[in-house]
J.: 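Once you've had a glance at the structure underneath, I'll fire off some questions.
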Amino acid sequence: MELSDEEIDRVFHALAAATRRDILRRTIEGEHSVSALAGDYDMSFAAVQKHVAVLEAAGLIVKRAEGRERLVRADPAMIARARALLARYEELWRSRIDRLDAILAEPRNTDAAPSEPTD
(Lines give C-alpha, C1' and ligand atoms only; values in the text may rest on other atoms or scores of the structure.)
Protein backbone atom coordinates (compact mmCIF):
# COMPACT_ATOMS: atom_id res chain seq x y z
CA MET A 1 0.00 0.00 0.00
CA GLU A 2 1.40 3.37 -1.01
CA LEU A 3 1.89 6.15 1.47
CA SER A 4 -0.25 9.26 1.13
CA ASP A 5 1.43 12.64 0.79
CA GLU A 6 0.61 13.39 4.44
CA GLU A 7 2.15 10.10 5.57
CA ILE A 8 5.29 10.78 3.51
CA ASP A 9 5.60 14.23 5.08
CA ARG A 10 5.26 12.76 8.59
CA VAL A 11 7.81 9.99 7.91
CA PHE A 12 10.42 12.36 6.49
CA HIS A 13 9.81 14.85 9.31
CA ALA A 14 10.20 12.06 11.88
CA LEU A 15 13.45 10.84 10.31
CA ALA A 16 14.89 14.36 10.03
CA ALA A 17 16.18 14.37 13.63
CA ALA A 18 19.13 12.24 14.75
CA THR A 19 17.54 11.52 18.13
CA ARG A 20 14.38 10.18 16.49
CA ARG A 21 16.42 8.03 14.10
CA ASP A 22 18.29 6.63 17.11
CA ILE A 23 15.05 5.94 19.00
CA LEU A 24 13.71 4.15 15.92
CA ARG A 25 16.90 2.09 15.63
CA ARG A 26 16.69 1.10 19.28
CA THR A 27 13.02 0.15 19.01
CA ILE A 28 13.74 -1.97 15.95
CA GLU A 29 16.19 -3.94 18.10
CA GLY A 30 13.60 -4.41 20.85
CA GLU A 31 10.78 -2.93 22.89
CA HIS A 32 11.77 -0.21 25.39
CA SER A 33 9.96 1.88 27.93
CA VAL A 34 9.92 5.61 27.27
CA SER A 35 11.72 5.99 30.61
CA ALA A 36 14.54 3.68 29.49
CA LEU A 37 14.84 5.54 26.20
CA ALA A 38 14.96 8.90 27.99
CA GLY A 39 17.76 7.72 30.27
CA ASP A 40 20.18 7.52 27.36
CA TYR A 41 19.76 11.08 26.09
CA ASP A 42 21.03 14.37 27.46
CA MET A 43 17.56 15.93 27.41
CA SER A 44 14.47 16.00 29.55
CA PHE A 45 12.00 13.14 29.74
CA ALA A 46 9.40 15.47 28.21
CA ALA A 47 11.68 16.13 25.21
CA VAL A 48 12.10 12.40 24.61
CA GLN A 49 8.33 11.95 24.93
CA LYS A 50 7.89 14.56 22.18
CA HIS A 51 10.32 12.69 19.93
CA VAL A 52 8.42 9.47 20.59
CA ALA A 53 5.14 11.26 19.78
CA VAL A 54 6.52 12.43 16.41
CA LEU A 55 7.61 8.87 15.56
CA GLU A 56 4.23 7.54 16.67
CA ALA A 57 2.36 10.13 14.58
CA ALA A 58 4.39 9.00 11.57
CA GLY A 59 3.40 5.40 12.30
CA LEU A 60 7.02 4.32 12.63
CA ILE A 61 6.59 3.17 16.23
CA VAL A 62 3.75 1.80 18.32
CA LYS A 63 3.27 2.64 21.97
CA ARG A 64 1.40 0.48 24.45
CA ALA A 65 0.68 0.69 28.15
CA GLU A 66 1.89 -1.95 30.56
CA GLY A 67 0.96 -0.92 34.05
CA ARG A 68 2.37 2.54 34.64
CA GLU A 69 4.94 2.27 31.84
CA ARG A 70 4.59 3.10 28.18
CA LEU A 71 6.43 0.60 26.00
CA VAL A 72 7.58 1.52 22.53
CA ARG A 73 8.45 -0.73 19.60
CA ALA A 74 9.04 -0.13 15.92
CA ASP A 75 6.25 -0.88 13.47
CA PRO A 76 7.84 -3.08 10.79
CA ALA A 77 4.88 -2.64 8.42
CA MET A 78 5.29 1.15 8.25
CA ILE A 79 9.06 0.84 8.00
CA ALA A 80 8.56 -1.52 5.04
CA ARG A 81 6.19 0.98 3.39
CA ALA A 82 8.73 3.79 3.87
CA ARG A 83 11.50 1.55 2.50
CA ALA A 84 9.36 0.78 -0.56
CA LEU A 85 8.90 4.52 -1.14
CA LEU A 86 12.65 5.10 -0.98
CA ALA A 87 13.21 2.16 -3.34
CA ARG A 88 10.87 3.81 -5.88
CA TYR A 89 12.86 7.06 -5.60
CA GLU A 90 16.08 5.12 -6.09
CA GLU A 91 14.64 3.37 -9.14
CA LEU A 92 13.63 6.74 -10.60
CA TRP A 93 17.13 8.17 -10.17
CA ARG A 94 18.81 5.03 -11.50
CA SER A 95 16.66 5.14 -14.64
CA ARG A 96 17.60 8.79 -15.16
CA ILE A 97 21.29 7.97 -14.75
CA ASP A 98 20.92 5.06 -17.20
CA ARG A 99 19.32 7.40 -19.77
CA LEU A 100 22.10 9.92 -19.28
CA ASP A 101 24.72 7.17 -19.72
CA ALA A 102 23.00 6.10 -22.96
CA ILE A 103 23.01 9.65 -24.29
CA LEU A 104 26.67 10.11 -23.44
CA ALA A 105 27.55 6.77 -25.05
CA GLU A 106 25.96 7.70 -28.39
CA PRO A 107 28.57 8.25 -31.12
CA ARG A 108 29.05 11.85 -32.11
CA ASN A 109 28.50 12.76 -35.75
CA THR A 110 31.98 13.92 -36.85
CA ASP A 111 31.03 14.13 -40.56
CA ALA A 112 28.94 17.24 -40.09
CA ALA A 113 30.55 20.52 -40.99
CA PRO A 114 31.34 22.70 -38.00
CA SER A 115 28.87 25.49 -37.60
CA GLU A 116 30.01 29.05 -38.10
CA PRO A 117 29.78 31.33 -35.10
CA THR A 118 27.16 34.05 -35.43
CA ASP A 119 27.50 37.56 -34.14
J.: Counting only heavy atoms not in R94, do more than 12 fall under 6.0 Å of its CZ?
T.: no

J.: Any heavy-atom pair between the side chains of L85 and I8 that's under 4.5 Å?
T.: yes

J.: Hey, are R88 and E90 close enough for a salt bridge, meaning a charged N less than 4.0 Å from a carboxylate O?
T.: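 Salt bridge absent between R88 and E90.
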
J.: Do I97 and L86 sit in one hydrophobic cluster, given that two such residues count as connected whenever their side-chain heavy atoms are within less than 4.5 Å of each other, even indirectly?
T.: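 No, it is not one cluster - the side chains of I97 and L86 are not joined through contacts under 4.5 Å.
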
J.: Do R10 and E6 sit within salt-bridge range, that is, some charged N less than 4.0 Å from a carboxylate O?
T.: no

J.: Determine, step by step, whether L60 and L15 satisfy the side chain to side chain contact (heavy atoms under 4.5 Å, CB included) criterion, reporting the C-alpha distance in whole Å, the side-chain angles of both residues, the deciding distance to 0.1 Å, and the verdict.
T.: CA-CA 9 Å; L60 293 168; L15 296 175; 4.0 Å; yes

J.: Could you check whether any side-chain heavy atom of L24 comes within less than 4.5 Å of a side-chain heavy atom of I79, counting everything from C-beta outward?
T.: yes

J.: Is any side-chain heavy atom of R20 less than 4.5 Å from a side-chain heavy atom of V52?
T.: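 They are not in contact (no side-chain heavy atoms under 4.5 Å apart), so the answer is no.
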
J.: Can you give me the closest heavy-atom contact between A74 and I28, atom names plus distance?
T.: CB-CG1, 3.5 Å

J.: Does a side-chain heavy-atom distance below 4.5 Å link L3 with M78?
T.: yes

J.: Hey, is E7 close enough to R81 for a salt bridge, meaning N to O under 4.0 Å?
T.: yes

J.: Decide if atom CD of E29 counts as having more than 12 heavy atoms of other residues, nucleotides or ligands within a radius under 6.0 Å.
T.: yes

J.: Would K63 and L71 count as a side chain to side chain contact (heavy atoms under 4.5 Å, CB included) if you check the C-alpha gap in whole Å, the side-chain angles of each, and the deciding distance to 0.1 Å?
T.: CA-CA 6 Å; K63 193 166 50 171; L71 300 176; over 6 Å; no

J.: Can you name the closest pair of heavy atoms from L55 and I23 and give their distance?
T.: CD1-CG2, 3.6 Å

J.: Run V72 and E56 through side chain to side chain contact (heavy atoms under 4.5 Å, CB included) and show every step you take.
T.: CA-CA 9 Å; V72 179; E56 187 178 25; over 6 Å; no

J.: Is the shortest heavy-atom distance from the side chain of H13 to the side chain of V54 under 4.5 Å?
T.: yes

J.: Which value, rounded to the nearest 0.5 Å, describes the distance between R68 atom CZ and S33 atom OG?
T.: 12.5 Å

J.: For a side chain to side chain contact (heavy atoms under 4.5 Å, CB included) check, start with the C-alpha distance between V34 and Q49, then their side-chain angles and the critical distance, and finish with the verdict.
T.: CA-CA 7 Å; V34 176; Q49 279 184 308; 3.9 Å; yes

J.: Between R26 and H32, is there a side-chain heavy-atom distance shorter than 4.5 Å?
T.: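 When only atoms from C-beta onward are counted, R26 and H32 do touch, with a gap below 4.5 Å.
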
J.: May I ask you to test the R64-E31 pair for a side-chain heavy-atom distance under 4.5 Å?
T.: yes

